[in-house]
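Both counts, for ligands and for their atoms, begin at 1 and track the order of listing. Along the sequence shown, residues carry numbers from 1.
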Amino acid sequence: MEKRRRSIEYDPARAKVAADNLRSAGLADVVTVVPGDAFVQIPKVPGDFDFVFLDAWKRDYKRFFDLVLPRLEPRGLLLAHNVVNKQAEMHDFLDAITRNPKLFTTIVSPSSEGMSVSVKLK
Ligand SMILES: C[S@@+](CC[C@H](N)C(=O)[O-])C[C@H]1O[C@@H](n2cnc3c(N)ncnc32)[C@H](O)[C@@H]1O
């Protein structure tokens, strides 16, 4: 089944910039920018996820984790940005991704911001 990629952004100006950038990159038919609150939009997305990238407000990461983990496919990936430079705002999320037995997680820091990479175990 073909997977549709979505990028959800609730600031209308930022959503337009994202859509314009995707169009310029020739990816408009690959990624759809969905304007709106991701907590409202994610439940409307059909099916499960093979890849989720979190880069919203850091204090919301744990709520996003709880929302998407049940729908992440085995071997699916959950990535989150700013897990090093903003770790103070997301201790609950970091505990969840490092302690959940359904996940293998590593943290990479190609810059000072840091990215978590979690794979859902089969
Ligand atoms: C740190 S910025 C990152 C934006 C983009 N990934 C980038 O690198 O330019 C965080 C973005 O998340 C958006 N955001 C935060 N909470 C959101 C939510 N619940 N639903 C949709 N977008 C949200 C904000 O409007 C903001 O544009």
Return the option from I8, D55, N21 holding the heavy atom at the smallest distance from atom 1 (C) of ligand 1.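 Among I8, D55, N21, the closest heavy atom to atom 1 (C) of ligand 1 comes from D55.
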Which atoms of ligand 1 sit under 4.0 Å from any heavy atom of [X]?
X: A56; value: 12 (O), 15 (C), 16 (N)
X: F64; value: 19 (N)
X: D37; value: 18 (C), 19 (N), 20 (N)

Flag the pair [X] / [Y] as yes when at least one side-chain heavy-atom distance between them is below 4.5 Å, and no otherwise.
X: Q87; Y: L94; result: yes
X: L103; Y: L69; result: yes
X: V108; Y: P110; result: yes
X: F49; Y: I42; result: yes
X: V45; Y: R4; result: no

For [atom], grab the closest protein heavy atom and report residue, atom and distance to one decimal in Å.
atom: atom 16 (N) of ligand 1; answer: W57 CD1, 3.5 Å
atom: atom 20 (N) of ligand 1; answer: A38 N, 2.8 Å
atom: atom 25 (O) of ligand 1; answer: E9 OE2, 2.5 Å

With a heavy-atom distance limit of 4.0 Å, tell me whether R14 approaches ligand 1 through its side chain, its backbone, both, or neither.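 The part of R14 near ligand 1 is the side chain, not the backbone.
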Given M90, which of K62, K58, R59 fulfils the side-chain contact (heavy atoms from CB on, under 4.5 Å) condition?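 It is K58; the other options fail the test.
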So if I apply the side-chain contact (heavy atoms from CB on, under 4.5 Å) rule between L78 and each of F64, F65, F51, which one comes out positive?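 When F64, F65, F51 are each tested with L78, the side-chain contact (heavy atoms from CB on, under 4.5 Å) holds only for F65.
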Non-hydrogen atoms of F53 versus ligand 1: any pair closer than 4.0 Å?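 No; F53 lies far enough from ligand 1 that no heavy-atom distance drops under 4.0 Å.
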Would you check whether G36 reaches within less than 4.0 Å of ligand 1, judged by its heavy atoms?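 Right, G36 reaches ligand 1.
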NZ/NE/NH1/NH2 to OD/OE distance under 4.0 Å, D50 and R5: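 Yes, this pair counts.
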Using distance alone, determine whether Y10 and ligand 1 share an N or O pair under 3.5 Å.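 Yes; at least one N/O pair falls below 3.5 Å.
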Any non-hydrogen protein atom less than 4.0 Å away from atom 9 (O) of ligand 1: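 So far as the 4.0 Å threshold goes, atom 9 (O) of ligand 1 is out of reach of every protein heavy atom.
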